[in-house]
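Written out below as structure tokens is the structure these notes cover.
Throughout, protein chains are lettered first and strands after them, A, B, ... in sequence-line order, and every chain is numbered starting at 1. Bear in mind that the values here come from a model prediction, so they are computed numbers and not experimental data. What you see below is based on every heavy atom in this structure, not just the backbone, and it leaves out hydrogens, waters and symmetry mates.
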There are 2 protein chains.
Amino acid sequence: MAFNQHGYSNVSMQKLAETMGLSPGNLTYHFRKKEDLMIALYDLFREEMSLVIPPPDQNTPDSFKLDYQIKSFYKLQQRFLFFYLDLLEIERAYPVIAEQHYVHIQNQIKSLETGLNYNISRGIIEDKDSGTIQHLAQQIWITAVFWPRQARVRGLEDSLDDMRQTIWRQILPYLTVKGAKEVNEILNLESTQQLTL
Amino acid sequence: MAFNQHGYSNVSMQKLAETMGLSPGNLTYHFRKKEDLMIALYDLFREEMSLVIPPPDQNTPDSFKLDYQIKSFYKLQQRFLFFYLDLLEIERAYPVIAEQHYVHIQNQIKSLETGLNYNISRGIIEDKDSGTIQHLAQQIWITAVFWPRQARVRGLEDSLDDMRQTIWRQILPYLTVKGAKEVNEILNLESTQQLTL
DNA sequence: GTCTATAGAGTGATAGAC
DNA sequence: GTCTATCACTCTATAGAC
């Protein structure tokens, strides 16, 4: 997608039509305003994302599933990269999307909290003090959501493996002995780099 | 500044001239291209930032000074907010700035690493495993740099206190007993919220 | 539905009078 | 130096032929 490569605001309806092999008039026939196109894309994004990150009350992943969620999230993030790179611009331009997305983000973080709490009950994570889980969920969300942007801003490639390592490293201090063993097995299973525990 | 409020790309040279009480022609007389204006602003930003975050080999802050650096950084960040909110756009538009900024970011993270290592030698931070410091420095950098953006993207106000809490919470698991005591004193000294250790 | 053509507004940048 | 006026371009969106 052209948006992902050049940034949302650098791709006009005309250029987009051109890369899609359509005439400008044809594209604006299906999406009368650019906003209509963006909303349609956003709805599609939200639909696919709901398959990757379950609703807050249904997220009960073991470590393996959490790792799988990270990978699935990254894959979808790459598909709708422009939403992650240019989100603030898009929210500024289309308040309708902004309002929806505020709620979406809240649910994403809530879902992460549920997953972490489930792993406390599994004896994988240790709840050292009040607020740990909320802090950890927010931290993981920030890392995952801004990963592609921080890489580009630094002039680096963004890689799934680096993102995974960074996320797991944040969970690391809160793992129980049992949890550390479980997580290390998962990371060694598929990653060439070993995370020293 | 108009850039900070409405976003870099939503403020044209004409609008900017208007808010400054200048004619469009006068503004483009002093800055022939918009790029010239951006580079001048970037140079000013870099100059002021060098006073807040010292060079990598000179950063030896105790916890109190680190907390002070966080506050000073936030203040400067608010002053040049558009660089932090719209950095990717600006880098895409002006590769000259991008190249300089890549190096700048590397130095910022290096400077953080130096500071953390110094606090290991002070017995404040515990280096649990190899890579901890690099990970922590990167994590703090991401949090600090993307804090205003993550707040806006979520529809929240961005607050210094929330950013401070989040950064210190990331350091928390790596503090020694002595370190925990020192940090808690600093945070209780000035913050209404208490960070439970 | 799909096309070409174009309206209408906004942009960065320049020209030339004072 | 500072101004007004304007060029050349790009953008979103529309009109109307086929």
Side-chain angles (χ1 to χ4, degrees), chain A residues 1-46 80-101 152-153, chain B residues 1-46 80-101 152-153:
Chain A
M1 174 138 39
F3 282 146
N4 291 343
Q5 209 165 352
H6 304 102
Y8 145 73
S9 57
N10 294 320
V11 179
S12 65
M13 292 292 267
Q14 299 180 20
K15 278 185 198 161
L16 186 62
E18 196 181 341
T19 62
M20 292 172 71
L22 296 176
S23 69
N26 194 355
L27 183 60
T28 54
Y29 169 79
H30 288 95
F31 302 98
R32 283 200 51 185
K33 311 172 81 177
K34 195 177 184 179
E35 182 172 9
D36 295 340
L37 171 63
M38 296 308 293
I39 289 175
L41 283 171
Y42 182 72
D43 289 343
L44 179 63
F45 159 70
R46 284 290 300 278
F80 292 95
L81 196 56
F82 69 101
F83 274 125
Y84 289 89
L85 295 179
D86 307 323
L87 182 56
L88 185 59
E89 284 180 85
I90 294 172
E91 285 192 359
R92 282 199 276 229
Y94 311 115
V96 188
I97 293 179
E99 291 300 327
Q100 284 185 59
H101 204 62
R152 270 160 190 78
V153 156
Chain B
M1 174 142 36
F3 283 146
N4 290 344
Q5 208 165 353
H6 304 103
Y8 145 73
S9 57
N10 295 320
V11 180
S12 65
M13 292 292 268
Q14 298 180 22
K15 279 185 198 163
L16 186 64
E18 197 180 339
T19 63
M20 291 172 69
L22 295 176
S23 69
N26 193 355
L27 183 59
T28 54
Y29 170 79
H30 287 95
F31 302 99
R32 283 200 51 185
K33 311 173 82 175
K34 195 176 186 180
E35 182 172 7
D36 294 341
L37 171 62
M38 296 308 293
I39 289 175
L41 283 171
Y42 181 72
D43 288 343
L44 179 62
F45 159 70
R46 284 289 303 277
F80 292 95
L81 196 55
F82 69 100
F83 273 126
Y84 288 89
L85 296 179
D86 308 321
L87 181 56
L88 185 59
E89 285 179 84
I90 294 172
E91 283 192 2
R92 282 199 276 229
Y94 312 115
V96 188
I97 292 179
E99 291 299 328
Q100 283 184 61
H101 204 62
R152 271 160 189 78
V153 156

Worksheet item: Roughly how many Å is it from NE2 in A/His30 to C1' in C/dT2, rounded to a whole number?
Response: 9 Å
Worksheet item: What about B/Tyr84 and B/Phe45, are their ring centers closer than 6.0 Å?
Response: yes
Practice prompt. Write down the distance between CZ (B/Phe31) and P (C/dT14), rounded to a whole number of angstrom.
Written response: 15 Å
Fill in: Any B/Arg32 side-chain N or O less than 4.0 Å from OP1/OP2 of C/dT14
yes
Worksheet item: How are the rings of B/Phe3 and B/Phe82 set to each other: parallel, tilted or perpendicular (split at 30° and 60°)?
Response: tilted
Worksheet entry | Closest to the B/Thr28 side chain, choosing from C/dT2, D/dT4, C/dT14 | C/dT14
Discussion item. Heavy-atom count check: over 12 atoms from other residues, nucleotides or ligands less than 6.0 Å from A/Glu18 CD?
Written reply: no
Response to the item:
DNA chain D nearest-nucleotide lookup for A/Val11 and B/Asn26: closer to the 5′ end is B/Asn26
Worksheet item: Taking only N and O in the side chain of B/Ser12, is any of them less than 4.0 Å away from OP1 or OP2 of C/dT11?
Response: yes
Practice prompt. Using atom OH of A/Tyr29 as one end and atom C1' of D/dA17 as the other, report the distance to the nearest whole Å.
Written response: 15 Å
Worksheet item: DNA chain D: A/Gly25 or A/Lys15, which has the more 5' nearest nucleotide?
Response: A/Lys15
Worksheet item: Can you tell me how far P of C/dT14 sits from CE of B/Met13, to the nearest Å?
Response: 10 Å
Discussion item. Measuring only between side-chain heavy atoms, which start at C-beta, is B/Leu16 closer than 4.5 Å to B/Leu37?
Written reply: yes
Worksheet, complete the sentence: Whole-Å distance, B/Gln14 CD to C/dA9 C1', equals 11 Å
Worksheet item: For D/dT14, does OP1 or OP2 lie under 4.0 Å from any side-chain N or O of A/Lys33?
Response: no
Worksheet entry | Length of the CG-P vector between A/Leu27 and D/dT14, whole Å | 13 Å
Fill in: Protein-nucleotide distance (B/Glu35, atom CD; C/dA13, atom C1'), rounded to Å
13 Å
Worksheet item: Roughly how many Å is it from CD in A/Glu18 to P in C/dC3, rounded to a whole number?
Response: 13 Å
Discussion item. Please check if the number of heavy atoms outside B/Met1 that lie under 6.0 Å from its CE is greater than 12.
Written reply: yes
